[in-house]
Every structure is written in structure tokens, then in C-alpha cells.
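Note sheet for the following structure.
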Amino acid sequence: MPDHDSTALLSRQTKRRRVDIGVKRTEGLSPNHLKKAKLMFFYTRYPSSNMLKTYFSDVKFNRCITSQLIKWFSNFREFYYIQMEKYARQAINDGVTSTEELSITRDCELYRALNMHYNKANDFEVPERFLEVAQITLREFFNAIIAGKDVDPSWKKAIYKVICKLDSEVPEIFKSPNCLQELLHE
DNA sequence: TGCTCCCCTG
DNA sequence: CAGGGGAGCA
């Protein structure tokens, strides 16, 4: 390819790049997007694909990207529910007989496991509402197991149905592509 | 049919 | 976390 042609091509690409700076949509999902998604999990366990699109405006969506994001939250939930069940069974083994004895504080083992998973750097203040939802989830598992419902292969479905209604509004700041810097800097 | 959830793997 | 498969829903 003659030099003047490649020069012209570069010129066009440069122009396009300048134009794109305004939106600057990334090709795929970055580690920062993953980190952001994990923080969003503190507010929403079951985000709709539509919601995700509005909160990840710097991402160029397509089928794969959308399903990947959806998949992330699915994986988040798996870890979440596994921890809940494990902790609930542990409590039962430890002799706990009432849900009143079950509470989630910021220094309990379960909280630390969750925080380590979704907020490893521990540079984000986990919202109080998440602790409430987590506690409800834990008690939900506890009661189900105590009642022997876990003999039913699909016993967790009922719990999922309860938890999916407890999503909170995700703060507006999460809609900003630079929300991580804004969130973790103060 | 396409999307989403969940389960199970690796 | 990603892949793959089965189930449910529109």
C-alpha cells in the first residue's frame, strides 16, 4: 500500500478516534467493570439486563457482553447463597435454635467472607441495607433447614423468590463510568 | 426462539 | 469466573 494511502487511512482513523473520545465505549468488560459489578451486588442481586445497560453506559453492549454481565451476577448469587447455607448449617450445628440468635454484624465471619468476595480491597463502605438483606437470607435458610425442607431438591427456590424482591435502588453515582474513582477516593 | 435462572464443572 | 446443559417463560 503506497504511503499516501496509509497516511490518508491513519488520518481518517485519527479523526474517528477524536470523535469517539466523547463516548469512549470500551470493547469488552474490564477488571474495573467486574469490580464495579461486585459493588453493585451490595444493592441488587437480580439486576435486569436493561438496568445493567444503563449502569454500564461506557460498555458497547451485544449479546455476549450482556449475557456475560448477567452471568457475573449469577455467579455472585451462587457464592452468596452457598455462604448463607453453610453459615446457617453451622449455626444449627452450634446449637442455635432461634433466628433471633442469628444476626449479621460487620465483624462476623459470614460478613467477612462476603466482604472479601465482593469488596476484597475493603475500600468500599458496605451499605447497611445489604446487612439486613443478608440477615434475612440467612434466617430464611436457617428456618428452611430447621423445618427439614432441604429434603426437597428444589427447596431453595422459595428462598430465591423472597430474596429477589429485596433489591435496592443502586445509587446514581454508579452510572458514571468513573464511579470507582469517585466512590473509593473519599 | 431467545432470554434468564440455576446447577455442575473446571 | 466461564462453559455447557436443562427448565421455565414469553
Side-chain angles (χ1 to χ4, degrees), chain A residues 25-93 104 109-124 126-127 129-130 132-171 174-181 183-184:
Chain A
R25 288 174 186 278
T26 176
E27 275 305 323
L29 292 169
S30 69
N32 273 339
H33 287 133
L34 174 57
K35 183 170 184 174
K36 171 176 174 176
K38 286 185 173 182
L39 296 186
M40 285 176 64
F41 186 76
F42 285 130
Y43 300 92
T44 174
R45 269 62 60 187
Y46 292 84
S48 67
S49 58
N50 256 324
M51 181 192 308
L52 293 175
K53 286 173 184 173
T54 67
Y55 278 89
F56 289 86
S57 58
D58 60 329
V59 174
K60 186 168 51 186
F61 277 84
N62 56 49
R63 275 198 201 80
C64 292
I65 297 297
T66 303
S67 56
Q68 186 184 1
L69 250 178
I70 292 287
K71 178 66 174 178
W72 279 1
F73 278 85
S74 178
N75 284 327
F76 296 165
R77 286 193 296 275
E78 283 218 14
F79 179 83
Y80 177 80
Y81 287 128
I82 287 175
Q83 298 307 308
M84 292 297 164
E85 181 179 0
K86 188 205 301 179
Y87 204 75
R89 292 188 184 283
Q90 183 179 313
I92 293 173
N93 285 332
I104 294 184
E109 187 183 325
L110 176 55
Y111 173 82
R112 267 175 285 177
L114 296 173
N115 190 58
M116 177 65 81
H117 192 73
Y118 308 113
N119 180 33
K120 185 168 315 230
N122 195 33
D123 48 11
F124 178 76
V126 179
R129 176 57 180 165
F130 177 73
E132 297 174 9
V133 174
Q135 180 162 303
I136 293 173
T137 310
L138 178 61
R139 293 184 171 183
E140 224 28 74
F141 269 92
F142 180 88
N143 287 328
I145 296 172
I146 286 292
K149 293 181 179 175
D150 55 336
V151 295
D152 179 351
S154 60
W155 65 289
K156 297 177 185 175
K157 302 288 185 185
I159 298 177
Y160 299 156
K161 195 160 53 182
V162 171
I163 305 309
C164 74
K165 297 182 185 306
L166 302 181
D167 277 9
S168 315
E169 194 79 23
V170 178
F174 278 88
K175 290 181 178 176
S176 165
N178 302 314
C179 70
L180 283 183
Q181 285 63 49
L183 282 171
L184 309 179

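Because only heavy atoms are used, hydrogens play no part in the values below, and waters and symmetry mates are left out as well, while side chains stay in. Below, chains carry the letters A, B, ... as their sequence lines are ordered, and counting in each starts from 1.
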**OP:** Mark yes when over 12 heavy atoms from residues, nucleotides or ligands other than A/M116 sit less than 6.0 Å from its CE; otherwise mark no.
**Re:**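 For A/M116, atom CE is not crowded (no more than 12 foreign heavy atoms under 6.0 Å).
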Original post:
More than 12 foreign heavy atoms under 6.0 Å from NZ of A/K149: is that the case here?
Top reply: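 Counting neighbours around NZ of A/K149, 12 or fewer heavy atoms of other residues, nucleotides or ligands fall under 6.0 Å, so no.
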**OP:** Looking at every strand, decide which applies to A/K161 at a 4.0 Å heavy-atom threshold: base, sugar-phosphate, or nothing.
**Re:** nothing
Original post:
Reckon A/S67 touches a base, only the sugar-phosphate, or nothing at all at heavy-atom distances under 4.0 Å?
Top reply: nothing
For the pair made of [atom1] in [X] and [atom2] in [N], what is the distance, rounded to whole Å?
X	N	atom1	atom2	value
A/F76	B/dT4	CZ	P	16 Å
A/N62	B/dC3	CG	C1'	15 Å
A/L69	B/dT4	CG	P	11 Å
A/K53	B/dC3	NZ	C1'	11 Å
A/M116	C/dC1	CE	P	14 Å

Short N/O separations, protein against nucleotides 7-10 of chain C, under 3.5 angstrom:
none

Original post:
Salt bridge between A/E132 and A/R129, side-chain N to carboxylate O under 4.0 Å?
Top reply: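 A salt bridge is present here (some side-chain N lies under 4.0 Å from a carboxylate O).
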**OP:** Flag the pair A/D58 and A/K36 as a salt bridge only when some basic side-chain nitrogen lies within less than 4.0 angstrom of an acidic carboxylate oxygen.
**Re:**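 So A/D58 does not pair with A/K36 through a salt bridge.
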Original post:
If we ignore angles and hydrogens, is there a donor and acceptor under 3.5 Å between the side chains of A/N178 and A/S176?
Top reply: no
Subject >> Heavy-atom pair with the smallest gap, counting every atom of A/T44 and A/D167 >> reply: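 Minimum heavy-atom separation between A/T44 and A/D167: OG1-OD2, 2.7 Å.
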Subject >> A/L52 vs A/V59 side-chain heavy atoms within contact, under 4.5 Å >> reply: no
**OP:** Look at A/Q68 and C/dA2 and indicate whether a side-chain polar atom (N or O) is within less than 4.0 Å of OP1 or OP2.
**Re:** yes
Got a list of side-chain donor-acceptor pairs under 3.5 Å for residues 71-80 of chain A, not counting sequence neighbours?
{"residue": "A/N75", "atom": "ND2", "partner": "A/K71", "partner atom": "O", "Å": "3.4"}
{"residue": "A/R77", "atom": "NH1", "partner": "A/R45", "partner atom": "O", "Å": "2.8"}
{"residue": "A/Y80", "atom": "OH", "partner": "A/T137", "partner atom": "OG1", "Å": "2.7"}

Original post:
Are the ring centres of A/Y81 and A/Y160 closer than 6.0 Å?
Top reply: yes
Subject >> Protein proximity profile, nucleotides 5-10 of chain B - base contact B, sugar-phosphate-only contact S, no contact -, cut-off 4.0 Å on heavy atoms >> reply: SBBB--
